[in-house]
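Notes to accompany the following structure.
What you are looking at is a predicted structure, and each value in this text was computed from that prediction instead of being measured. Heavy atoms only: backbone and side chains are in, while hydrogens, waters and symmetry mates are out. Reminder, nothing fancy here: chain letters follow the sequence lines and each chain counts from 1.
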2 protein chains.
Amino acid sequence: MANSKLYKGSLTTIILKLLSEHNKMYGYEITQKVKALTKGELQITEGALYPSLHKLESEGLLDVEVAKVDNRLRKYYKLTEKGTKETVSKLEELEQYLATLQALLNPKLSY
Amino acid sequence: MANSKLYKGSLTTIILKLLSEHNKMYGYEITQKVKALTKGELQITEGALYPSLHKLESEGLLDVEVAKVDNRLRKYYKLTEKGTKETVSKLEELEQYLATLQALLNPKLSY
DNA sequence: ATATATACATAAAATTCTTATGCATGCAAA
DNA sequence: TTTGCATGCATAAGAATTTTATGTATATAT
């Protein structure tokens, strides 16, 4: 499986980043995109994804648009203006954290 | 403050890695070392640290040795053999996760 | 006398996942 | 034709790991 668990706190940033690249996506599509991009390394579970999407929507970072395709429901999410700004700051935050981790885990390289 | 929050799941790896470099350390020392290495970016709170140390000990990854210095208690922790192995695998796991994140956040670079 | 640093600890609450389950449609295979 | 898999949503219970708050105690500096 090689299915690494999420480091808690990164899922939101992943969702926002994907939406910043694809304009609009629906939940199932996000799970498949993550799976493809990571070659199966990372599986976003529905139990984590849908509550996250709902929260992002309730915070005003995402807009929803319901569509019916092949007689199946789809909920397309897209970034609001606020969501776009938040994406930038979340990405900066994550990159900062990764740099901080470098300082801890690769002490030889921090000079 | 610039005090980034921990991405849940990384604290254990940080503790193990520090212990792999310093032979033995006590709790308070770990908080100070992290603060210094990250230039104040990361503050390990006691409420997170001590329970983590206790858990690592109960799992047999750390050994404890109590000492009294300047009339104050110190609990020195050091890696067991099992802990040393776990450190390696935790670090690999984290690096794998970081690589996976790269694929998601820097899609241009994954080809 | 008061605040800060050192040094441990735990409990309650919050956050964010995993796991399990449920509903429904469409299609392919047995 | 029914069984399984993929598509597509959802929520609830539980687990894990953190934050925040609080407590104890000694030493040192103001």
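Nucleic acid contact for A/S10: sugar-phosphate only, since backbone atoms but no base atoms lie under 4.0 Å from a heavy atom of the residue. At the heavy-atom level, B/E46 lies under 4.0 Å from base atoms of the strands shown.
Look at NZ on B/K90: it is 12 Å from P on D/dA16, rounded to the nearest Å. Separating the OH atom of A/Y50 from the P atom of C/dT18 is a distance of 15 Å, rounded to the nearest angstrom. Taking atom CG on B/L49 and atom C1' on C/dA9, their separation rounds to 11 Å, with Å as the unit. Nucleotide D/dG8 holds its C1' atom 11 Å from the OH atom of A/Y77, rounded to whole Å. Atom NZ in A/K8 sits about 12 Å away from atom P in D/dA15, given to the nearest Å. In this structure, A/L53 places its CG atom 11 Å from P of D/dT11, rounding to the nearest Å.
Shown for residues 11-27 of chain A: residues whose heavy atoms fall under 4.0 angstrom of DNA chain D, namely A/Y26, A/G27. For residues 57-76 of chain A, proximity to DNA chain D is found at A/R72, A/L73, A/R74, A/K75, defined as any non-hydrogen atom under 4.0 angstrom from a strand atom.
One finds no side-chain N or O of B/T45 lying less than 4.0 angstrom from the OP1 or OP2 phosphate oxygen of D/dT20. For D/dT11, the OP1/OP2 oxygens have a side-chain nitrogen or oxygen of A/H54 closer than 4.0 Å.
Residue pairs meeting the salt bridge (Lys or Arg N to Asp or Glu O under 4.0 Å) criterion with at least one partner in residues 75-90 of chain B, sequence neighbours excluded, are absent. Residue pairs meeting the side-chain hydrogen bond (donor to acceptor under 3.5 Å, both in side chains) criterion with at least one member in residues 55-74 of chain B, sequence neighbours excluded, are B/Y26-B/R74, B/R74-B/Y76. Residue pairs meeting the ring pair (Phe, Tyr, Trp, His ring centres under 6.0 Å) criterion with at least one partner in residues 45-72 of chain B, sequence neighbours excluded, do not occur; the list is empty.
A residue-by-residue look at B/G47 and B/K55 shows that B/K55 has its nearest nucleotide of DNA chain D further toward the 5' end.
Taking the salt bridge (Lys or Arg N to Asp or Glu O under 4.0 Å) definition, one finds that B/K17 meets it with B/E21, sequence neighbours left out.
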